Amino acid sequence: MAYTYQFFQESADYLRARVPFTPDTAIVLGSCLGPFAQNIQDPIVIDYADIPNFLLSTVASHAGKLIFGTVGGKKVVCMSGRFHSYEGYDFEQLVIPIRVLKLLGVERVILTNASGGVNTSYRPGDIMVISDHIKLNGPSPLRGPNVEEFGPRFFDVSRMYTPELRELALRCAQDSPLTFHEGVYMFFPGPQFETPAEIRAARILGADAVGMSTVTEALTAAHCGLPVLALAVITNMAAGVTPGPVTGEEVDDTAALIAGPFSAYLERLVAAL
Ligand code: HPA
């Protein structure tokens, strides 16, 4: 399906009619990072299912709600629940949420995710500020007719993880009990975790962490000129890095363990924007 500017406007018009302010920052909450939503003051909650032309979350650990409100004194909109190609969405469909948020008037996006650690100096529970990505799997979400109102057909992505936001993220990390790194995220489409051979290949290519999200949203944001900060929570060491299997339980358990300090960090970061 080819999307028109009007298609995205219909979703944004629905939201504008229900939210009496313009959020400055959009925050996408990754797997099991949903507890951050409790920090949002005066929340206005809108189900994805009610928004015209929006997508539906199909993953249990993703709530499927847009939450508008205040965090750290700043107006935000949080996506509690995101969309992945492994759910069966076409890459082209994955542009929808970020484009709708752009039309709402957000000035930047903060993307969070759960990732597997490829860099052997990382530990589960660490945070990686994404400096760049590798996406060799699957087409671009910007494939298909270009919607000129959002951005040009061909666009630069050499500074898409905004250096100023990365600097701020690392500065705010100094007050956090969590360990922070800066590194390269490699996209894998999932839903299976990677093989040990894929992880060895990822390391040779320069990846520090792997995951199944974020890159499509970051590319969509870069296309329409939105600054991006992306934070990967290392929930487990990737396949073959340690002897045991990679499990969804470990991902959930680590995310639950760091939810408190990570939410506190994110709130400080938003306050400092
Ligand atoms: N691989 C891909 N995605 C992930 C992982 C992983 O090891 N952990 C959390 N999300």
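Every number for a ligand or one of its atoms is a count from 1 in the order of the listing. Here the structure is a predicted model, which is why all the values come from computation and not from measurement.
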Thr214 versus Asn113, side-chain donor and acceptor atoms under 3.5 Å: yes
Does some non-hydrogen atom of Phe188 fall short of 4.0 Å from ligand 1? no
Cut-off 3.5 Å, side chains only: do Glu267 and Asn39 have a donor facing an acceptor? yes
Can His181 and Asp126 be counted as having a side-chain donor-acceptor contact under 3.5 angstrom? yes
Just to be sure I'm reading this right: ignoring hydrogens, which of Asp252, Thr235, Thr247 gets closest to atom 9 (C) of ligand 1? Compare them by their nearest heavy atoms. Thr235
Best match, Ala232, Gly116, Gly211: closest heavy atom to atom 6 (C) of ligand 1: Gly116
Given that the side chain starts at C-beta and the backbone is N, CA, C, O, which of these parts of Asn236 lies under 4.0 Å from ligand 1, counting heavy atoms, or is it both or neither? side chain
In this structure, are over 12 heavy atoms from other groups packed under 6.0 Å from Arg143 atom CZ? no
Partner set under side chain to side chain donor-acceptor pair (under 3.5 Å) for Arg203, not counting sequence neighbours: none
How does Ala239 reach ligand 1, by side chain, by backbone, by both or by neither, if only non-hydrogen atoms under 4.0 Å count? neither
To the nearest 0.1 Å, how far is atom 10 (N) of ligand 1 from its closest protein heavy atom, and which atom is that? Ala114 O, 3.1 Å
Could you say whether the N/O atoms of Ala238 and ligand 1 ever approach to under 3.5 Å? no
